[in-house]
Amino acid sequence: MNKFKFITTLLTICFSLPVFAQKPYKADWESLKKYEIPQWYKDAKFGIFIHWGPTTVPAKDSEWYGYHMWNEGTVDALGNPTSKASKAYEYHVENFGKPEDYGYTKFIPEFKAENFNAKEWIDLFNEAGAKYVVPVGEHCDGFALYNSKVTRWNAVNMGPKRDIVGELFKEAKTKDMKVGMSSHYAYAWHWWTYDEKYETTDPKLQDFYWKAHERWSPATPEFVNHWYKRTIDMMTQYKPDLMWFDLGLCEPEYEEARKKYLAKYYNQGLKNNQEVVVNYKNIKWKPIPDGAAVLDIESGKLDRIREETWQTDMSLGGWRWGYSEPYDMRKPGAYINDLIDIVSKNGVLLLNVAPNKHGEIPADQQAILKEIGAWLKINGEGIYSTTPFTVFGQGPTNAKMVLHGNMKDKGFTADDVRYTQKSQTIYAFLLEWAEGKETLSLSALGSENRVINDAIKSVSIMGYDETINWIQKDNELIIQLPKERPAKNAIGFKIELEDAPSDIFKTK
């Protein structure tokens with residue numbers, strides 16, 4: 001048999017063999033660790049988170065207002081003795097009356113969202129360059145922004161009287177954006193202050209506040225089961241591409257429910273030919289083994305490349321997620337630099353926006369998103385569908401691997417560079433520009449340093465039409481910089497090789 005016939009016969013045999021579909025997942029970690037992160041998620045790199053709900057009515061002290069508003073100065077939110085009332089309590093008394101007279105549920109009818117327009121929101125997120133969108137399904141207060149079949153406390157029955165999540169999903173799909181929902185409800189067990197004078201102990205409102213209990217006691221099996229029913233309802237009704245879970249899910253009481261839920265969600269994905277993602281936190285406890293879902297770093301970043309794809313959730317408002325006043329933000333370039341840094345380490349950024357009680361995304365938040373989008377239109381080829389280079393970057397600045405680490409960041413310098421790669425192209429991003437700096441040295445791209453095996457064919461700046469001069473030496477690639485800043489925000493260099501580099505980094 002000649003070579004051609006042999007190959008033809010071999011291909012015929014291969015294509016005639018039965019295709020073995022993924023076996024259904026079982027509710028145990030051995031089975032769940034066989035999960036594979038979808039390629040769409042690895043390629044997306046950038047999504048939008050939306051924190052919204054009744055806390056935007058008082059719009060004070062962040063989305064934790066309902067947690068703090070009861071603390072009148074006997075014990076603090078952690079149960080420690082104190083003689084000082086919380087800021088939320090003082091604001092509440094001044095603007096609404098004492099919490100025993102004006103409880104949290106009074107905010108729900110005032111959360112009208114009369115100007116909410118799902119199409120306008122999705123158009124904005126699409127302009128920003130986001131590839132997926134994750135509205136809060138239900139925050140720790142338990143108010144559902146979807147048409148819940150489990151709780152009457154939802155946005156279709158009360159407040160906006162609209163299916164917020166459903167409308168956003170419908171519009172997002174017209175833009176080929178993936179859609180997700182977040183669940184913070186597991187932490188609702190720790191959310192409320194119970195006292196006979198407060199409505200939190202009113203039997204008529206028990207389906208909102210749950211049964212009175214000691215704040216830091218473990219969640220009961222009854223509550224965990226209620227959480228499970230609500231979460232399954234979200235999953236089966238809306239069939240999201242992604243489910244995001246807050247830190248309450250980390251607690252040991254949820255172990256069996258976690259495994260059971262993951263198996264059901266992954267199996268729903270198999271049934272619907274839908275590649276799905278679960279985001280989980282790793283705070284105090286490690287709730288899910290590596291590989292069984294996607295790790296989410298809350299307001300933080302890694303200081304290294306992680307082989308498995310991971311995610312940072314980060315808010316435009318820093319430690320404030322839901323809209324409140326003031327809502328202080330950084331310059332757009334700071335979020336762009338964070339995106340680059342995260343992607344260079346095999347991460348994905350989920351950036352939070354905060355609409356106000358009327359359903360409007362304030363103009364200053366919109367301006368930041370639009371500037372990110374404008375940058376991505378020019379530099380997105382070095383972000384989307386890329387993989388990490390052998391080193392994530394160079395320079396004096398790196399993340400501190402601590403919870404809420406980005407709150408401690410001091411920003412990057414003109415000596416900080418981050419790398420990504422795609423096929424025969426390496427991208428190098430200069431995160432800050434220094435006036436008068438004549439050259440940029442890329443120490444990972446020398447001809448003899450064994451990081452790359454192929455000669456450099458060309459070097460250019462994305463979005464810049466002028467030719468730039470460069471020389472590859474043994475231990476560095478030296479690029480002559482333009483005399484004037486060539487582009488706004490981080491400068492993206494496109495470095496094309498003569499031949500495709502070897503498969504130096506594979507991601508799970």
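Here, residue 1 is the first one in the sequence, and each next residue gets the next number.
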So how far is it from [X] [atom1] to [Y] [atom2], rounded to the nearest 0.5 Å?
X      : Y      : atom1 : atom2 : value
Lys23  : Leu270 : NZ    : CG    : 13.0 Å
Ile479 : Leu430 : CD1   : CG    : 9.0 Å
Asn267 : Leu262 : CG    : CG    : 10.5 Å
Lys284 : Cys250 : NZ    : SG    : 10.5 Å
Leu249 : Tyr280 : CG    : OH    : 10.5 Å
Met181 : Lys239 : CE    : NZ    : 12.0 Å

Tell me if a side-chain donor or acceptor on [X] pairs with a main-chain N or O of [Y] at a distance below 3.5 Å.
X      : Y      : value
Gln365 : Leu316 : no
Ser31  : Asp28  : no
Trp216 : His190 : no
Asn352 : Trp321 : yes
Gln472 : Leu445 : yes
Asp241 : Gly180 : no
Tyr25  : Tyr265 : no
Thr309 : Gly347 : no
Asp123 : Asn126 : no

In terms of ring plane angle, is the pair [X] and [Y] parallel, tilted or perpendicular, where the classes change at 30° and 60°?
X      : Y      : value
His51  : His139 : perpendicular
Tyr35  : Tyr266 : parallel
Trp64  : Tyr187 : tilted
Tyr427 : Phe429 : parallel
Tyr261 : Phe245 : perpendicular

With no hydrogens and no angle check, just 3.5 Å: does a side-chain donor-acceptor pair link [X] and [Y]?
X      : Y      : value
Lys345 : Asn398 : yes
Ser62  : Tyr323 : no
Glu496 : Ser458 : yes

Beyond-backbone contact of [X] with [Y], side-chain heavy atoms, under 4.5 angstrom:
X      : Y      : value
Arg258 : Pro287 : yes
Gln394 : Asp416 : no
Leu497 : Thr425 : no
Ser443 : Asn475 : no
Phe169 : Pro135 : yes
Thr387 : Lys422 : no
Ile456 : Leu477 : yes
Asp141 : Tyr67  : no

Problem - Aromatic contact, Tyr254 with Trp227 (centres under 6.0 Å) - result: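 Ring centres of Trp227 and Tyr254 closer than 6.0 Å.
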
Problem - Check: Phe116 ring centre within less than 6.0 Å of Trp121 ring centre - result: yes

Between [X] and [Y], which heavy-atom pair has the shortest distance, and what is it?
X      : Y      : result
Ala490 : Asn337 : CB-OD1, 3.6 Å
Gln311 : Val294 : N-CG1, 4.2 Å
Pro355 : Pro362 : CA-CD, 4.4 Å
Ala414 : Trp433 : CB-C, 4.3 Å
Ser182 : Val136 : OG-CA, 3.0 Å
Ser315 : Leu351 : C-CD1, 4.3 Å

Whether over 12 other heavy atoms sit under 6.0 Å from [X] [atom1]:
X      : atom1 : answer
Lys437 : NZ    : yes
Asp465 : CG    : no
Lys264 : NZ    : no

Pi-cation contact, [Y] with [X] (under 6.0 Å, within 45°):
X      : Y      : answer
Lys131 : Tyr384 : yes
Arg230 : Tyr185 : yes
Lys488 : Trp375 : no
Arg418 : Phe392 : no

Practice task
For side-chain hydrogen bond (donor to acceptor under 3.5 Å, both in side chains), just list the numbers for His184 and Glu63, CA-CA rounded to whole Å, side-chain angles, deciding distance to a tenth of an Å, and then say yes or no.
Solution key: CA-CA 12 Å; His184 310 244; Glu63 71 287 348; over 6 Å; no

Presence of salt bridge, [Y] and [X], under 4.0 angstrom:
X      : Y      : value
Glu381 : Lys494 : yes
Lys281 : Asp246 : yes
Arg306 : Asp290 : yes
Glu30  : Lys33  : no
Lys301 : Asp338 : yes
Lys473 : Glu476 : no

Handout entry: Candidate pair Asn117 and Glu360, rule side-chain hydrogen bond (donor to acceptor under 3.5 Å, both in side chains), full reasoning
Key = CA-CA 8 Å; Asn117 186 310; Glu360 302 158 344; over 6 Å; no

Exercise for the section: Before giving the answer on side-chain hydrogen bond (donor to acceptor under 3.5 Å, both in side chains), spell out for Tyr146 and Glu138 the whole-Å C-alpha distance, their side-chain angles and the decisive distance to 0.1 Å. Expected result: CA-CA 8 Å; Tyr146 61 97; Glu138 49 194 17; 3.0 Å; yes

Exercise for the section: Report the C-alpha distance between Arg330 and Asp409 in whole Å, list the side-chain angles of each, state the deciding distance to 0.1 Å, and finish with yes or no for salt bridge (Lys or Arg N to Asp or Glu O under 4.0 Å). Expected result: CA-CA 12 Å; Arg330 298 178 291 160; Asp409 285 351; 5.5 Å; no

Problem - Derivation and outcome, side-chain contact (heavy atoms from CB on, under 4.5 Å), residues Leu440 and Leu442 - result: CA-CA 6 Å; Leu440 173 65; Leu442 300 180; 3.8 Å; yes

